[in-house]
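The structure under discussion appears below in the form of structure tokens.
Just so you know, these numbers use all the heavy atoms, side chains as well, and skip hydrogens, waters and symmetry mates.
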Amino acid sequence: MLRIKEDKWEEFSVSCPEYGFKLSDEENAYIIQYLKEEEFSKDYLELQVWLDSREITIETSSVRFSGLATEGEELEVVYNLIMNGFVEKCK
């Protein structure tokens, strides 16, 4: 599991829009939502950074999306966070 480093949290909170994150009060997390099909507009894949734990997760709206193939957009965001020194491995 990955999370945002504690000493980088403030910097991440300020710069998260640059990575595409938006604050979701409903989810209590910063999220990037990827909609894949107009026909199933309520189905999504989300990259989330949880406010309480700083953990990074990938969530889906349904089991149908568990096998979703993306073009790697969410992995590119995680990679950029790692390369910019924001991420540490959880124990």
Side-chain angles (χ1 to χ4, degrees):
M1 180 81 52
L2 299 174
R3 70 174 169 219
I4 303 297
K5 294 177 181 176
E6 187 173 359
D7 64 338
K8 291 287 210 166
W9 182 249
E10 277 300 314
E11 186 180 346
F12 170 77
S13 296
V14 171
S15 63
C16 67
E18 296 172 25
Y19 294 95
F21 286 99
K22 295 181 181 178
L23 182 60
S24 172
D25 295 330
E26 198 174 280
E27 301 281 341
N28 198 27
Y30 290 107
I31 65 167
I32 301 174
Q33 191 172 87
Y34 301 96
L35 297 174
K36 291 297 169 188
E37 299 174 24
E38 288 182 28
E39 182 180 345
F40 302 103
S41 63
K42 293 184 181 186
D43 290 337
Y44 59 85
L45 175 78
E46 285 183 346
L47 179 60
Q48 302 175 333
V49 177
W50 296 96
L51 299 179
D52 58 348
S53 65
R54 304 183 325 276
E55 290 181 356
I56 300 169
T57 61
I58 296 175
E59 303 287 332
T60 63
S61 63
S62 69
V63 175
R64 185 178 77 80
F65 263 64
S66 64
L68 176 72
T70 69
E71 294 181 15
E73 303 98 326
E74 71 284 359
L75 299 177
E76 186 175 333
V77 171
V78 173
Y79 173 80
N80 288 332
L81 290 171
I82 291 168
M83 294 306 294
N84 288 311
F86 285 104
V87 176
E88 66 184 1
K89 187 175 178 182
C90 298
K91 294 181 181 182

Determine the minimum heavy-atom distance between Ala29 and Gln48, stating which atoms define it. CB-CB, 4.4 Å
Going hydrophobic residue to hydrophobic residue with side-chain gaps under 4.5 angstrom, can you get from Ile31 over to Val77? no
Decide whether Glu59 and Thr57 meet the rule of one side-chain donor and one side-chain acceptor closer than 3.5 Å. yes
Glu88 and Glu6 have their tightest heavy-atom pair at OE2-N, 4.5 Å
Kindly compute the distance separating CD (Glu10) from OG (Ser15), expressed to the nearest 0.5 Å. 10.5 Å
In short, Ile56 meets Met1 closest at the heavy-atom pair O-SD, 3.8 Å
Take Phe86 and Val49 through the side chain to side chain contact (heavy atoms under 4.5 Å, CB included) test and state the conclusion after the steps. CA-CA 12 Å; Phe86 285 104; Val49 177; over 6 Å; no
Minimal non-hydrogen separation, Ile4 against Arg54, with atom names: O-NE, 2.6 Å
Following the transitive rule for hydrophobic clusters with a side-chain heavy-atom cut-off under 4.5 Å over Ile, Leu, Val, Met, Phe, Trp and Tyr, establish whether Trp50 and Tyr19 coincide in one cluster. no
Flag yes if more than 12 heavy atoms outside Lys22 fall under 6.0 Å of its NZ atom; otherwise flag no. no
Considering non-hydrogen atoms only, spot the tightest contact between Lys8 and Asn84 and give its length. NZ-O, 4.1 Å
When rounded to the nearest 0.5 Å, the distance separating CZ of Arg3 from CG of Leu81 is 15.0 Å
Looking only at atom types and distance, does a side-chain atom of Ser53 sit under 3.5 Å from a main-chain N or O of Glu55, one as donor and one as acceptor? yes
Heavy-atom pair with the smallest gap, counting every atom of Gly20 and Ile32: O-CG1, 3.3 Å
Apply the test side chain to side chain contact (heavy atoms under 4.5 Å, CB included) to residues Tyr79 and Met83: give CA-CA distance (whole Å), side-chain angles for both, the deciding distance (0.1 Å), then the verdict. CA-CA 6 Å; Tyr79 173 80; Met83 294 306 294; 3.4 Å; yes
Chi angles and distances behind the ring pair (Phe, Tyr, Trp, His ring centres under 6.0 Å) call for Phe12, Tyr30: CA-CA 10 Å; Phe12 170 77; Tyr30 290 107; 5.6 Å; yes
Interatomic spacing from CD1 in Ile82 to CG in Asn80 - rounded to 0.5 Å: 9.5 Å
